[in-house]
Colleague: 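Please see the structure below; I have some questions.
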Amino acid sequence: MVPIRVLVAKPGLDGHDRGAKVVARALRDAGMEVIYTGLRQSPEQIVRAAIQEDVDMVGLSCLSGAHNSLFPKVVQLLKEAGAEDIQVFGGGVIPESDIPGLLEAGVRAVFTPGTPLEEIVNFVRESVKKGDA
Amino acid sequence: MDTEALVQLARCPLDNPNVHVIGVTGPPGGGKSTLCGQLVQNLAREHKVAALLVDPSSPYSGGAILGDRIRMSALSANPNVYIRSLSNRGNTGGVNSTVVSIIRAVMNCGFEYIIVETVGAGQSEVKIASIADTTLVVAVPNLGDDIQAFKSGIMEIADIFVINKADLPGADVLFAALRESAVRHKDGWLTPVCQTVAVEGRGIDSLLDYIRAHGDWLRRQGRLTEKRKQAAKFEILELSSYYLQSHLDQVPADVLAANLANKDFNMLQRLLDAYREIVNSLSEVN
Ligand SMILES: Nc1nc2c(ncn2[C@@H]2O[C@H](COP(=O)(O)OP(=O)(O)O)[C@@H](O)[C@H]2O)c(=O)[nH]1
Ligand SMILES: [Mg+2]
């Protein structure tokens, strides 16, 4: 009944948010409430926003290549704030070889360009459902 | 929605006279979020400020993209600031049915200013006036028909007119027109007309002076208490219609249709009886 809430954020310095917007729209069309925070957010800003907005998940999009530091940082700051129930997933141009390290750091999933949108939508739905159980 | 939480919230006092609830309405793209960001930034130098930002839900999926935060991203790190994006969840009128409950929550967390930005769909957004102590109606130059739109109801709810995007041509014409049609409220508040350029932070100080002046006036007149009672009344009206609708929505249409006013199960009569009973018992306790 209560819609799933997702924060979609763009950490890092690149100015391309087309991918983030496409994902945001897909989640909205699946009935979710998506808080979109715009470009160039620091991990600190993202975490504060996620907590204030009481979201179920945070989706990070990064094309600048800084994902290896930014994504784990968000996970870590959420944990430090006692909000590790907010799960993090990521997307963007991310080399396959970086993915295991990101998952290890607590990122729940990483979606590379070309991932079907249904896959992302289903992932969010399933993850939130599991978290509730 | 979590009914237990709503009942808990309904017990939180709404009558704190040291809190100022400010509503901001006006056309989409008029700069409401940018303006709210400026107000929040300014007020947060000395006060705890909460901003509740309402955006529309999709009529197809019920989902929403809530993008008002984009205009105030610098404030995410400010410890005096709390920002919450809200979907209107299908509610018409610019807000959602739980907004007063949320105002209660932040009011009781020590926030001194609470700013509510409405959806911004235009003329029918008058609900904010039942919620806020002070309602700002934002207008922008050269929307062509905005004076026309003002004539149909939104004018009356303004405690302060704000001409935002005053950097654009046509601001003077709009200023003159609004000044001429400014509403004088009961008890003598004359709706002022402010000009702002929210993207540059211009005009914000004088707008804040008017906002404070209106707050003081409400308190002097003893009208603030009245306003909050109206807000609580609005809350019960909105919540009850929301709940009725969401319960009925869960019943298949054919079942509803067959039992609307059936001899065996007269749903309409039962609903009306239930309402009457509640209202009658209310007059007994009072
Ligand atoms: N020229 C000008 N543009 C503004 C001003 N205030 C806001 N804007 C721009 O108007 C657009 C819509 O602003 P936004 O705050 O999102 O409007 P809202 O839909 O009413 O919340 C943005 O591109 C802002 O940068 C202003 O004072 N002057
Ligand atoms: Mg807005």
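Every heavy atom of this structure was used, including side-chain atoms; hydrogens, water molecules and symmetry mates were not.
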Colleague: Counting only non-hydrogen atoms closer than 4.5 Å, does A:Arg5 touch chain B with its backbone (N, CA, C, O), its side chain (CB onward), both, or neither?
Modeller: side chain
Colleague: Looking at B:Glu46, I want to see if its CD is surrounded by more than 12 non-hydrogen atoms of other residues, nucleotides or ligands under 6.0 Å.
Modeller: no
Colleague: So for B:Asn78, is it side chain, backbone, both, or neither that comes closer than 4.5 Å to the heavy atoms of chain A?
Modeller: backbone
Colleague: Using atom types as modelled and distance alone, determine if a side-chain donor or acceptor of B:Tyr60 lies under 3.5 Å from a backbone N or O of A:Asp29.
Modeller: no
Colleague: Considering only heavy atoms from C-beta outward, does the side chain of B:Arg89 approach that of A:Pro3 to under 4.5 Å?
Modeller: yes
Colleague: Grab the two heavy atoms, one from B:Ser73 and one from A:Thr37, that are nearest each other, plus how far apart they are.
Modeller: CB-O, 4.3 Å
Colleague: Is atom CD of B:Gln245 surrounded by more than 12 heavy atoms (other residues, nucleotides or ligands) closer than 6.0 Å?
Modeller: no
Colleague: I'd like to verify something: which residue of B:Ser61, B:Ser57, B:Gly62, B:Ala74 has the highest number of heavy-atom pairs under 4.5 Å with chain A?
Modeller: B:Ser61
Colleague: With rounding to the nearest 0.5 Å, note down the distance linking CD1 in B:Ile70 to CD1 in A:Ile35.
Modeller: 11.5 Å
Colleague: Considering the options A:Glu53, A:Gln41, A:Gln45, which one meets the side chain to side chain donor-acceptor pair (under 3.5 Å) requirement together with B:Arg69?
Modeller: A:Glu53
Colleague: More than 12 heavy atoms of other residues, nucleotides or ligands under 6.0 Å from CD1 of B:Ile236: yes or no?
Modeller: no
Colleague: Report yes if the side chains of B:Ile65 and A:Lys21 come closer than 4.5 Å at any heavy-atom pair, otherwise no.
Modeller: no
Colleague: Working to the nearest 0.5 Å, report the span between OG of B:Ser85 and CD of A:Glu33.
Modeller: 9.5 Å
Colleague: Does B:Leu66 offer a backbone N or O that forms a donor-acceptor pair with the side chain of A:Arg28 under 3.5 Å?
Modeller: no
Colleague: Applying side-chain contact (heavy atoms from CB on, under 4.5 Å), run through A:Gln52 and B:Val81 and close with a yes or a no.
Modeller: CA-CA 10 Å; A:Gln52 291 184 359; B:Val81 176; 5.7 Å; no
